[in-house]
Structure formats: C-alpha cells, structure tokens
Amino acid sequence: MKTEFIPIDYDYFDFEGRNYAKIVGRNEKNKRICIIDSCDVYFWAILKEKTSEKAIKRLQGKIEKIKLDVKGRQTKVEKVEMHKKKFMGREVVALKIFATNYKDLHDIADKLGMPEIEKRRGYDIGFISHYIIEKKLNPLCWYEVEGEVIDNTTKFNGIANSLDVDFCIKAENIVSLKKEEFLPKVLAFDIEADEFKIGEGEILMISLVSDNFKKVITWKKCKNREFPNVECVGDEAELLSRFAEIIKEISPDFITGYFSDGFDLPYIKARADKHKIRLDLGIDGSSIKFSRGVTTTARINGIVHIDLLRFIQSVYSQYMSSETLSLNEVANEFLGEGKKEFEFKHSSKISRDEWEKYFEYNLHDSVLTYRLFEKMWPDLLEFTRIMSEPVFDVSRNGMSTNVGDYILHNLSKFDEIPEKRPTYDEIGERRQRGKYEGAFVLEPKAGLYENLSAFDFTSSYGSVIVTYNLSKSTFLEKPEKDSYSTEISGKKVYFSKTPGFFPQMLKEIIEKRRQYKEELKKKPDAIKKARSNAFKLLANASYGYQGFFGARYYCEEAAAATAAFARQAIREAMEKTNNAGFGVIYADTDGFAFSLNKNSKQKTLDFLKKLNSELPGVMELELEDFYKRGLWVTTRKGEFGAKKKYALITEEGKLKIRGFETVRRDWCVLARELQNNVLLMILKDGDEKRALEHIKKVVKEVKERKIDLKKMTIRTQMKKPLSEYKSITPHVVAARKMQEREIPFSAGSLIEYYIAETKKESKSKLIRDKVKLVDEKGEYNIEYYLKHQILPAIENILQVFNVDINVILDGKKQMTLEGF
DNA sequence: GACTGAACTATACC
DNA sequence: ACGGGTATAGTTCAGTC
C-alpha cells in the first residue's frame, strides 16, 4: 500500500542479526503509523596514497574474510567496495566495508591493522543518525511511503501486533513530498507532590491539558465535593493508573512538561515503582526509560517527550530577557501571563477551602506549558528539520551538537567521509591547550555623548570563517603562496583558498538566513521567523564549534584565526569611520558606536554603503540604530573608561542598557530600579539635576526604613554543590541556613537573602555574618545598602558630571587628607 | 588588629 | 563534556606589618 507519512519518533531493533529502524509518525488522515525499514551499515577504511591496485584487491579479499564472534553472536563482513571519496577536502581512495549489524562496526574496525590503511572512519555514528543519512527520511518532513502492511503477521516476531498504532508498514519505497504543514497532537502535564526530593512524598495531583481537554486528577479532599475539571480517584496508585489511561485515550504525538526530565517523570516513575504499578505509557507497552548522564532524560517509546525547559535552556536562554528560566518568568516573557499564586504547604496543612486553589494552580501550570509548546513548536519544527535529527534529541542538544549534526547530515553533498569523534585522550590534549586571543574591545572615554549611531557586522564570526575559508580541512600545516594568512600568538597560520566544506556549508547557512529574513520582512509568519532564527543561531554557533574541544571538526587555529581576522576587520572599520569625520567612542567584538559629529543621518547611511562596498568576501556591516544620547562611565576605581558598560537612548526614548547593575540579577531591586531611573533621567534630560533629586529622596527613604524588605533581597545563584565552595560568601551562608532548615536547593538554585542589622555585641566586619534569609525576622542594614548597593550603582554615573555622591549619602562633605 | 593584594565567585557582553 | 574569549566587581582569604 501507499501512504503519506511524517516521521516523528525514531527507534530501532535487531532482527536476525540485522538492524531495523522503527519509526512512528502520522499520515495525511492523522492515523498513527509505524514504518519498519532497514539500511546498509558500513564504515570507511581510507587507504594510504599510492597504494597499488593489486594491493587494494588483496586487501579487499582479506577484509571480506573477516569473521567475528561478539558475545556469542556470529557475524562477518558482508562485502567490501572500493570508492573514490573525499576526506578533509582531499581526494582519497577508500574501502566501504559493509557489516550485518552496526554494533559490529567498531569491532571490525579494530581488526583493520593493515599497513595500507591510513584511517578508519564512520563507525562512531549512531544507527538512527546513520539510517537518516542513508535513507534521507528526515524527521518532521512529509514523505510518501510504499510497502507491505504487516499487521496481523508474524513478520519481525509479530512486532506489529504489539504496537498501539493504526497500521504498520515494512517500507519498500520512500519519496519526499513538498508538503510542510503539520500540527501534532500535544499533551501537557504537571504534577504536585509533597516533597521536593524525587519519590519521597506522595503525588497529590496530576494535571493534563490537550486540545479541548483540561483535567486535574487527584485523590485528595474530593469525597462528596465537586470542582471544575477535577476528577477524583481513590488513592495515589489509582492516580498513576488513570494518568497512563488518559495518555492512551488521547494518544498524543508529544507529551510535554516543564523540567519534566528532572522532576515530573522521575517522580511518577519512582511512585509507580513504590506501588508496583507498571506504567505502560509507550505505544509498545514499555515504561518510561531514563538515560543516565549529567542530566537525566526521560523517554517514552512512540510518544516524544519534550521537556520545554531543556530546549529553552540549551538554545534560547541567551536571547531571552528572563533572569531565571522558571515557568513563571518564561511564560510571562512568551505568553504575557505567569503562574497562579499559591503558597506551598505540606498537604496535611492545607485547609479544606484551599484545595480548589491548589487544583487551579496545578491545572494552570499545564495550560501554560501547553501554550508554551504551541509558541515553541515552529522553532522545534524548524530546528529538527534543519539538523535532520529526531526532535527528541534536537530539543535537548546544545548548539555544538546541533552544528555537528548539521555537518554530518550535509557531508554527502561534498562526498566527504565523516571525521571521528575525539578520543578521551584527544579531548584532554585539546583542553590543555591554553586560551587563544579573542575579541577586541575598545576602551571608551567616560562621558555623556549626543547624536550617536552604531554599526554591527552581520553574523560577524560566521562571515569571517566564510570569507577567509577557516576550518580544519583548509588549515595548512605548511605555508603556501596563495593562501589566507594571519598571526595567532606570534605564529603565522595559513588557510587554503580552495573552499572547504565547512566554510561552504556556513556560507549556505548565512545566505539562507538572509533569504528567510527578507521573506519574513515581506510576509511575516511564525515558521519563517523560526527558520530565519534557527539559521542565525547555527551561524553564530559555528565559531564556538570549531573552538570546542569535543567537536569532530575541532580546529583551534581556525577559531583563533577567526578572532584575529575579526579584530582586524573592526579595527579597519573604526579607522575608516574616524577618517570620515565621525568619532568612534566604543567597540566590542563585532560592532562599534560613534558620534555623528556634524554628519547627518543620511550621510551616515551613505558612508555605511561605502564601507560595505570596500569589505572583503561576505563581510557586511549593518546599521544598528541612531541614538539621541549615550553614557559611558569609568570603572569603579575611576582610572579607566569601563568596557561592556553603557547606556543609550533613541529619539523615541527607548533605552538600551548594557552591563550596568540594572541588568544584573545579583543586585537588589532597590539599587537596580534607582540606577535605571537615574540613567533614564540623565539620558532624557541631558543633565543630572532631576536624577540628583531622585537619589536624595531614595536615600532618605532608606535611612527612614521606608523601603520594603522585598526590594532589598539579593539573589545569587549556587553554581556548584554547597560543599565545593572554598570561599564562604554571603550566598553560601544563606544556603547553609537553608540546609539547616531543610529548605530544598541544589546547584543551579537562586539563593535569596538580605543583609540585616546585627546586635551591638557582634563585632564582625564580614558581610556574611549579617546574612538573613528573606523570611527571617530582622531589619535591613542601612549602612550596607547605602554603601554597598546604592553608592556603587550611581557613583560612577554621577562622576561624569563631577558630582561627589558621598556628600549626598552622608549629608556632608567627606574629610579628605588634604582637608584635614 | 588594620591593611593589602590575590583568590574566589557571579554575572554580563558579544 | 556537550560553543568561545573579554570584562567588571564584589567578598573573602591569607599574608604583612
């Protein structure tokens, strides 16, 4: 039969020694289908140059006879073919060595110690990735699949009968379709439990939200009572069984949660184990599977589990304004709506009339998660399509893995044999290599400037890699005449001018980004936006990839040369800008801000055009914006202009603040708000008078204890386990207090505390001895907040206007040595 | 006990 | 282990006098 098919979840199994991909997806009628398919498995033996044909034939014969006995399983090399291929851009003769089972590739490769063989490659790619590369059955793309329906047969040990799908096909022919749209069935869920530690408390309720479906299942406090959307069951065991039942009824393509890899699913599994309940959630009746690793990952066969936090964390967080990645903040940023309020208590302490609020709270979390999934879906979809890896993995992978996957799935266009992963020892060596020189940052002269503009290089490092052909395969060990060359740490390095596959791939990525960005401008939609964004992120990550020690195509020289060429590019652009009558104030990495002086906006734009016409390769500068005013300050010590710290305002009054305490989450709200207001007033008015009045008012309020303690809270993240701290800082003290009171926290938690007044007998000068947790009774320490929060936040700003802020803080002129 | 620079720590910029 | 280097700034630590 023939059917349309969109692959969603990939798995594989062995049958009679061979590997088979088992792919679950949907057809055009939204039926759930499983496709069984196989592909050749092989790896490459790259031969030494000048190996004679006779020697190759002899080698081929020798390899074909290899037989293996792996853990009792007999297997052998199936066939050996000779191919002309490329490796690292170089033409090579390679033997393609076919095996029955991909798990044997490594063992066979180990047997190839023959002197004619230079390298063995392609045995370290997972079967699913290998299958996708071979058969080009890309995840979340539409296909027409032709094959035999194997329901109610004994084929593959009757596998089709054990799967909860509409039908199962042994694929014979697969054709790609142009169709793109796909709206999956999604189920969001969230649990509430009594203890934070996995499995240590009871699960009180589980909420589930899908298309036209909202439900809270609970076994608490609902005898003879009814609540909207709440379904009551007898006990926790029944709750878990009902959870599994509903998943079966809804039959979603995706099940999604927020931190569900690390909390909800492990919790559910732990409680199910305790009650000895089998949670057969998978479409093959299997339970939740957890993979070990630094972070646990929860998988359900046939239903893709997406932990939205993981996707946001690995891909999106750096482009977001949320200070934490809590569901509340992230939902606020993306949906304009946060969590419902509910004060957590142990279930035994929740009063009868508070339960309804708890149910609503729980349900709302699932609603937010469901809507967040909808919002993120275009990004998940496009990321998956571009990386060509299953969405389960793409949603969890970091950007270096994404870049690596993109390369792996595009190598065939270049006829390239894949490079291997670095070994443990190689990673060690790479990590030992010292840092290389990175970006250029221009020291600004502190001051308030008027009429500014800023230019940026678009996809700067990516453009540099493309323009100067910087990669592992184009790096020249020996100098060559016609090559790109630069100096890194006093040593000249050379890169071939023959385009390498990595820069070429990147060129395509940057071009696609431009193309989709333009299309987006003409006719905006979520998919185009996601696509343009995915290519942008991919381009930006490619530089980090080449400098990342775990990368297959790691090349420190290329990474260092990228930074070197970028430094040169910005220096030249700055120089030309100054020569054209503008005044460069500040520069960082790939962009710079300058004073227009007497030039008009139009003249500035004309100059930008001229600059661009003179840039090499695909290098391109773009206008960031025009600004009415800009402020640069000195460092705290006052000796130099501070880098990475400035504030700009547009004609429309839009602020752009970088580096100041205002944008740092480890400063109290009082100092941040005050600084933000001061910056706004100064940039709007062009003088400090109104700001000074405001500061005096706030200082007075602080001294009169009129400030809400909430505004004094300091939040600092625990970056590692408590025991590993060498220095006992205020947030470590706060964490120790939390530990004593059994308040849960872990590496990654934000620790909240304030600095309090201490009793007179306490003579300690250490700030940590004044730390109190936010709910601890006490008064904020006036001296600390004035001298350590307010003063540092405004001192250097007012210094620009020659105002000594100490006068305002103390109400008198400070005694200086000279004055004395 | 006061002072000082180094070490440790967190967070931001691009 | 799961992108890179550059930069500011606070608090504690350890040594000196």
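Each chain gets a letter, A, B and so on, in the order the sequences are listed, and its residues count up from 1.
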Are any non-hydrogen side-chain atoms of Phe440(A) and Thr589(A) less than 4.5 angstrom apart?
no

Base, sugar-phosphate, or nothing for Glu323(A), non-hydrogen atoms under 4.0 angstrom?
nothing

Letter per nucleotide, 5' to 3', of nucleotides 10-17 of chain C [B base touched, S only sugar-phosphate touched, - untouched; heavy atoms, 4.0 Å]
SSSS----

Report yes if the side chains of Lys643(A) and Pro444(A) come closer than 4.5 Å at any heavy-atom pair, otherwise no.
yes

Toward the 5' end of DNA chain C, by each residue's nearest nucleotide, Phe548(A) or Phe440(A):
Phe548(A)

How is Tyr646(A) classified with respect to the nucleic acid when contacts are heavy atoms under 4.0 Å: base, sugar-phosphate, or nothing?
sugar-phosphate

Ile695(A) versus Ile805(A): any side-chain heavy-atom pair under 4.5 Å?
yes

Nearest whole angstrom, please: distance from the P of dT9(B) to the CG of Asp666(A).
15 Å

Tell me: NZ of Lys656(A) to P of dA12(B), nearest whole Å?
16 Å

Are Tyr780(A) and Tyr754(A), when compared by the centres of their aromatic rings, separated by less than 6.0 Å?
no

OP1, OP2 of dA12(B) versus side-chain N and O of Arg664(A): anything below 4.0 Å?
no

Mind running side chain to side chain contact (heavy atoms under 4.5 Å, CB included) on Arg431(A) and Ile427(A) for me, showing each step along the way?
CA-CA 6 Å; Arg431(A) 296 188 73 179; Ile427(A) 289 179; 3.9 Å; yes

Sugar-phosphate, base or nothing in reach of Lys637(A), heavy atoms under 4.0 Å:
nothing

Taking CZ from Arg658(A) and C1' from dA9(C), how many angstroms apart are they, rounded to a whole number?
19 Å

Respond yes when some side-chain nitrogen or oxygen of Thr589(A) is under 4.0 Å from OP1 or OP2 of dC14(B), and no when none is.
no

With a 4.0 Å cut-off on heavy atoms, is Tyr725(A) in touch with a base, just the backbone sugar-phosphate, or nothing at all?
sugar-phosphate

OP1 or OP2 of dG3(C) versus the side-chain N and O atoms of Gln546(A): is any pair under 4.0 Å?
no

Using a cut-off of 4.0 Å on non-hydrogen atoms, how would the nucleic acid contact of Phe549(A) be classed: base, sugar-phosphate, or nothing?
sugar-phosphate

Quickly work out the Ile570(A) CD1 to dT6(C) C1' distance and round it to whole Å.
13 Å

Under 4.0 Å between any heavy atoms, over every strand shown, what does Ala439(A) touch: base, sugar-phosphate, or nothing? Just pick one.
sugar-phosphate

Would you mind reporting whether Phe311(A) and Met376(A) have side-chain heavy atoms less than 4.5 Å apart?
yes

Please work out whether the ring planes of Tyr543(A) and Tyr436(A) are parallel, tilted or perpendicular, with thresholds of 30° and 60°.
perpendicular

May I ask you to evaluate whether Lys643(A) reaches the phosphate of dA7(C), defined as a side-chain N or O under 4.0 Å from OP1 or OP2?
yes

Separation of dC14(B) C1' from Phe457(A) CZ (nearest whole Å):
14 Å

